[in-house]
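One structure is given below, encoded as structure tokens.
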Protein chains: 2
Amino acid sequence: MCAEYATRPREQIAQILRSERRYLSAAEVFRALQRARARVSLSTVYRTLDRLRAKGEASSRIDEQGEATYVICTTSHHHHAICRVCGHVEEVACDPMERFTEALKAYHGFELDAHAMEFFGRCARCR
Amino acid sequence: MCAEYATRPREQIAQILRSERRYLSAAEVFRALQRARARVSLSTVYRTLDRLRAKGEASSRIDEQGEATYVICTTSHHHHAICRVCGHVEEVACDPMERFTEALKAYHGFELDAHAMEFFGRCARCR
DNA sequence: CATGGTTCTGCCAATGATTCGCAAATTATA
DNA sequence: TATAATTTGCGAATCATTGGCAGAACCATG
């Protein structure tokens, strides 16, 4: 029991996420599937996205409107810089943040949990 | 037209927010009102919280479950460091972030919009 | 302190994203 | 192909949030 089946819907959903390198909501993935003539139910989209996150293959965030969005990530230890213009997700290594982490601790006695941060701005292309 | 009435419900809601220095959802504010024997409807809580945000007297964020939460802020130009343990909100001035902003631009060509960041960790008291 | 126009509130129905239950379909394996 | 486990699709249920609207509260004025 508890095996793992490779199914067509799952592969189609992963495909969509891999091709778009930005945070997508379940509804957006669902629409993309329809455009691609893939018959997958919205329920399956929700379940599959959540499953990808649980396995660590995707990371999720709640956007400004409170909707859950997902993106496939490639490296393991990093944070996301999200472009406000195109939605592009830049994976930021932990290293360049250490200076800031130290400053925050010195100024405020605040110890940063470096695993839950995201940054917004404009990426190199959109500037 | 477009005047502004000082009402009991509004004052009671602001009172709650001022006494708790952490992000509260509409439902939490509503429960706090009930504990204080204040008869205010949930609709009014939603409207008032949104109104405070629009006036810049409170700032809001969407939590991990997608619920909108609100906190009163005192200074104008800052970001929030949120304690994972007690929920305490530390207001972080922009200054200590400039180093980090520069590094992000140098490494990734990413220009940070310094007005939409939040940091999580453990505050001085909870460490 | 009564009046009247404006602004707020409470109630309740509507919305929209997400989850749940369950029967039918799909997958892996023999 | 037969079987058992897993996954899917459908529709109903849930839950935070919003909208409409009639009545209540507010406050400047007479």
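The chains referred to below are lettered A, B, ... by the order of the sequence lines, with proteins before strands, and numbering in each begins at 1.
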Requested in this report: Please report the shortest heavy-atom distance between B:His108 and A:Ala124, naming the atom on each side.
Outcome: O-CB, 4.1 Å

Query raised in the report: Within the structure shown, what part of the strands sits under 4.0 Å from B:Arg51 by heavy-atom distance: base, sugar-phosphate, or nothing?
Result: nothing

**Report entry** Same apolar cluster: A:Phe120 and A:Val89, side chain cutoff 4.5 Å
**Finding:** yes

Requested in this report: Compare the minimum distances between each of D:dA5, C:dT9, D:dC27 and the side chain of A:Tyr5, then state the nucleotide with the smallest one.
Outcome: D:dA5

Requested in this report: Specify the separation, in whole Å, of atom CD of B:Gln12 and atom C1' of C:dG10.
Outcome: 14 Å

Query raised in the report: Quick one: is B:Thr7 getting a side-chain N or O under 4.0 Å of the D:dC26 phosphate, OP1 or OP2?
Result: no

Query raised in the report: Whole Å only: how far is the CD atom of B:Gln34 from the C1' atom of C:dG10?
Result: 14 Å

Query - For B:Tyr70, ring-ring contact (aromatic ring centres under 6.0 Å, His included) partners two or more places apart - result: none

Query raised in the report: Would A:Lys55 and A:Glu4 pass as an ion pair if we require N to O under 4.0 Å?
Result: yes

Query raised in the report: Residues in salt bridge (Lys or Arg N to Asp or Glu O under 4.0 Å) with B:Glu118, at least two apart?
Result: B:Arg61

**Report entry** Pairing of B:Arg47 and B:Asp50 as salt bridge, 4.0 angstrom limit
**Finding:** no

Query - Distance in angstrom units between A:Ile62 CD1 and D:dA16 C1', rounded - result: 13 Å

Query - Earlier contact from the 5' end, DNA chain D, for A:Arg10 and B:Glu4 - result: A:Arg10

Query raised in the report: Rounded to the nearest Å, what distance is computed from the CD atom of residue B:Glu11 to the P atom of nucleotide C:dC8?
Result: 15 Å

Query - Base versus backbone protein contacts along nucleotides 16-21 of chain C [heavy-atom cut-off under 4.0 Å; B, S, -] - result: -SBBBB

Query - Rounded distance in Å - CG (B:Asp63) to C1' (D:dT17) - result: 14 Å

Requested in this report: Round to the nearest Å and state the distance from A:Arg8 atom CZ to C:dA28 atom P.
Outcome: 13 Å

Query raised in the report: Separation of A:Leu33 atom CG from D:dG9 atom P, in whole Å?
Result: 10 Å

Report summary line: Shortest non-hydrogen pair, A:Arg18 vs A:Ile72, comes out as N-CG1, 4.1 Å

**Report entry** Euclidean distance, atom CZ of residue A:Phe30 to atom P of D:dT8 [Å, nearest integer]
**Finding:** 14 Å

